[in-house]
Number of protein chains: 2
Amino acid sequence: MIAKAGGRNSLASSIHDLARHLNISIGTVSRALNGRADVNADTRQRVLDAAKKLNYSPNQSGRSLRQGATHSIAFMLQPHPGDQQYGEPFFIPFLIGLQGRLAESGLDLTVVMGAPGDYQQERLRRVVETRRADAVLLAWTRREDERIDYLTQVGFPFATLGRSRSGGKAYPSLDLDFEKAGSDAVDRLVARGHRRIAAIRPSLNLNFGHLFLNGYRKALKRHGIEVDPSLIADGFINEAGGYQVTPRVILAKDRPTAIIFNNDAMALGGCKALAEMGIRPGHDIAVTVIVDTPLCRYFSPALTAFRPALEPMGRRLAEMLLASLPAFAGPEGPRIIHEVWPLELVARDSD
Amino acid sequence: MIAKAGGRNSLASSIHDLARHLNISIGTVSRALNGRADVNADTRQRVLDAAKKLNYSPNQSGRSLRQGATHSIAFMLQPHPGDQQYGEPFFIPFLIGLQGRLAESGLDLTVVMGAPGDYQQERLRRVVETRRADAVLLAWTRREDERIDYLTQVGFPFATLGRSRSGGKAYPSLDLDFEKAGSDAVDRLVARGHRRIAAIRPSLNLNFGHLFLNGYRKALKRHGIEVDPSLIADGFINEAGGYQVTPRVILAKDRPTAIIFNNDAMALGGCKALAEMGIRPGHDIAVTVIVDTPLCRYFSPALTAFRPALEPMGRRLAEMLLASLPAFAGPEGPRIIHEVWPLELVARDSD
DNA sequence: CGTTTTTCCGTAAACGTTTACGAGAACACA
DNA sequence: TGTGTTCTCGTAAACGTTTACGGAAAAACG
């Protein structure tokens, strides 16, 4: 048992207190507060005033229990193992957009942290089974994603940041166009005279890594350049991973003149490896990063990267989730929306 | 109204289902599940098995309502305005530690986002008044902190990352020793021959800025160096702030040979300003940053900075919060603990 | 004035738990 | 056998809401 938060009687003016104070029934109070039609205008005003005066606001557990809805959306924030130093600054602007839009519909956003590494399955079950949220938002989707399988199986509403092959098209999803970014990156490098272009991506079967590589391959073929497997490498999605795997492509028979990293942390680790081998990004080799973060901007040389519009994406995904929920959808009923957003090239000094 | 999450009847096996399935009363089921003594060992096992089989887990709203406790702790995450690009990577390792320790005591951590800029007061009220958490955790404490005033006034349990003058010593707090860091930074610079040392800190009355300046001043005096007000500047706690305010100290009558920044984002902005003035950190001027982040490491030149042990701090603050709650305190009863943790110097290339 | 409609409000059930209380059964003990 | 103790469980109330239902009073209408 836990202490009653704040002492139930100091803070907690219940609807009964309010009713007693006004000499009316709790039913009427509730109806007044919830804006129902069948309550006299005067009465409503009196209730509203008293609520403000007594500092009343409804107990969330009570509401949730009665209504079967928590009025909150859970975002599953999952730190990658070994990512401690770096964190997920990626998500903050995204979360700001998310929270802003949800608040407009009276929903709370709660970010639920998982322990690094367990890929959320356990935390997710917990959120769902104890009904702590009305819907969840997933990120870092994988090609085959057990979380998506689980949620669709139990019929819990959700939306994803990122696509997946799991679960069909039954849930809203918003993703970045990693395929186009990979392709654009290659185009740009080819235009600058490169033919030996390496690609480094995370080794988990994260879907964006897959998409990126698709784009990379297609673009190379389009330019009549053979795809050389020795120029493609997978590594852990963190700095150590980039550091570890970059030498592998450098030591290929015919050394690449450019590397595209699919992740900023990996790029940073990769640049460290390059430095140790005496290879200078921007001089001896071109480096491009697919998802831009502040780190890319401040690194030296500043890394050319593809930038997402995180805050608008957050807003939009919230909107898409709402549109899929019967209770929030417009008159035409719930809709499942899928969108793919572009990444914008930010040319800097590393290529 | 919102859709009953997942459809109440698909997911939700209630305790009644379980009881019916086992042909015993819900009371017994509950007692068995909660490990109470007055239930037969066989019965308990049967209940546990059935619970697993039927995938039962108690409805959180029901529990909370009955117990007057939500079994969750809220961390108020507050993005600073204009901080969109940068985010709060600072907090991620901290949150990991926090969540780890709380989970060990069966508590959930929910991060509640506020809109940038409103300093949380509204969100905080909402969390407290609707009783969405059993306690809250505050960060970015200010010298006079209305959030702390509010929480102490209404008697809601909380702890803070950072100190404040508000609320006395009535709540657990964990802070970094910014005073010592400021002092150490000066010591180090003086030892390296600097006498004209500037200090740049956030303009909000954030408490750490105050502490930092204290340490800075004391150390200067200790070394017999006069504190020159024209070498001290305040700015918005973001990159733009640093960029805007740094020239002010540079253009002082007697140009400083070193700058201590009290915030990494401000340092980055400051370095940009320096670059535009043709002043190279590490060559023409020494730069020290008080709170280290990955950005400091990757910047060029890599910035000498003072580093906190974020993840252990998160664990520890969770522990301190628990120790202050009657329901979780040991047999000796609740204790209010205050701790101040050191920052560790990481010498790099900028000084 | 009688009848119908409308307006407004109180009553009570329900949401899913936990837990105080009491009672029956089994057991121990003299 | 009678009495007291221990185990084990069922009953029912309570947590704070929302809402279906019905009814009294007021208003409208003929």
Side-chain angles (χ1 to χ4, degrees), chain A residues 1-9 11-47 51 54 56-71 129-132 134 327, chain B residues 1-9 11-20 22-47 51 54 56-71 106 129-132 134 327:
Chain A
M1 218 82 14
I2 208 175
K4 310 175 184 213
R8 187 176 307 157
N9 26 18
L11 266 184
S13 56
S14 83
I15 201 173
H16 289 94
D17 301 331
L18 209 50
R20 201 173 321 121
H21 180 257
L22 289 167
N23 251 331
I24 59 181
S25 78
I26 60 166
T28 304
V29 174
S30 176
R31 279 190 301 263
L33 256 23
N34 291 348
R36 298 204 107 70
D38 55 349
V39 40
N40 182 287
D42 288 352
T43 317
R44 181 188 312 270
Q45 199 45 247
R46 281 178 46 226
V47 171
L54 295 200
Y56 168 80
S57 65
N59 178 302
Q60 201 51 230
S61 303
R63 299 194 76 201
S64 300
L65 180 57
R66 169 63 217 234
Q67 303 194 136
T70 64
H71 304 279
E129 289 174 2
T130 62
R131 263 129 290 158
R132 272 189 183 278
D134 297 332
Chain B
M1 218 81 14
I2 207 176
K4 311 177 188 214
R8 188 175 310 157
N9 26 18
L11 267 185
S13 57
S14 83
I15 201 172
H16 289 94
D17 302 331
L18 210 50
R20 201 174 321 120
L22 289 167
N23 251 331
I24 59 182
S25 79
I26 60 166
T28 304
V29 173
S30 177
R31 280 190 300 264
L33 256 22
N34 290 346
R36 296 204 111 68
D38 56 348
V39 41
N40 183 287
D42 288 352
T43 316
R44 163 162 302 134
Q45 199 46 247
R46 281 178 47 225
V47 171
L54 294 201
Y56 168 79
S57 64
N59 178 303
Q60 201 50 232
S61 303
R63 299 193 75 201
S64 301
L65 181 55
R66 168 63 217 232
Q67 303 193 134
T70 64
H71 304 278
E129 289 174 2
T130 62
R131 263 128 291 159
R132 271 187 183 280
D134 297 331

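Below, chains carry the letters A, B, ... as their sequence lines are ordered, and counting in each starts from 1.
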Under 4.0 Å between a side-chain N/O of [X] and OP1 or OP2 of [N], yes or no?
X: A:Asn59; N: D:dC15; value: no
X: A:Thr28; N: C:dC9; value: no
X: B:Arg63; N: C:dT18; value: yes
X: A:Arg36; N: D:dT19; value: yes

Value in whole Å for how far the [atom2] atom of [N] lies from [atom1] of [X]:
X: B:Arg66; N: C:dT18; atom1: CZ; atom2: C1'; result: 4 Å
X: A:Leu18; N: D:dG16; atom1: CG; atom2: C1'; result: 13 Å
X: B:Asn34; N: C:dA20; atom1: CG; atom2: P; result: 12 Å
X: B:His16; N: C:dC15; atom1: NE2; atom2: P; result: 8 Å
X: A:Ile15; N: C:dA14; atom1: CD1; atom2: P; result: 19 Å
X: A:His71; N: D:dT17; atom1: NE2; atom2: P; result: 13 Å
X: B:Asp38; N: C:dA23; atom1: CG; atom2: P; result: 16 Å
X: B:Ile26; N: C:dT19; atom1: CD1; atom2: P; result: 13 Å

Work out which heavy atom in B:Thr28 is nearest to a heavy atom in B:Ile24; give both atom names and the distance.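 For B:Thr28 versus B:Ile24, the nearest heavy atoms are CG2-CD1, 4.2 Å.
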Checking all strands, does [X] fall into the base, sugar-phosphate, or nothing category for heavy-atom contacts under 4.0 angstrom?
X: B:Ile24; answer: sugar-phosphate
X: A:Thr43; answer: sugar-phosphate
X: B:Ser14; answer: sugar-phosphate
X: B:Asn40; answer: sugar-phosphate

Polar side-chain atom of A:Arg44 near backbone of A:Arg36 as donor-acceptor pair, under 3.5 Å: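 Yes, A:Arg44 side chain to A:Arg36 backbone: donor-acceptor pair under 3.5 Å.
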If you check every side-chain atom of B:Gln67, which of D:dG10, C:dT18, C:dA14 has the closest atom?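 The answer is C:dT18, which lies nearest to the side chain.
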Heavy atoms from C-beta onward define the side chain here; which of D:dT19, C:dC15, C:dG10 lies closest to that of A:Leu65?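 For the A:Leu65 side chain, the nearest candidate turns out to be C:dC15.
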Nearest 0.5 Å, what's the [atom1]-[atom2] distance between [X] and [Y]?
X: B:Gln60; Y: A:Glu129; atom1: CD; atom2: CD; answer: 12.0 Å
X: A:Ile26; Y: A:Leu18; atom1: CD1; atom2: CG; answer: 11.0 Å
X: B:Ser25; Y: B:Leu22; atom1: OG; atom2: CG; answer: 10.5 Å

DNA chain C: B:Arg31 or B:Ser61, which has the more 5' nearest nucleotide?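 Upstream on the strand: B:Ser61.
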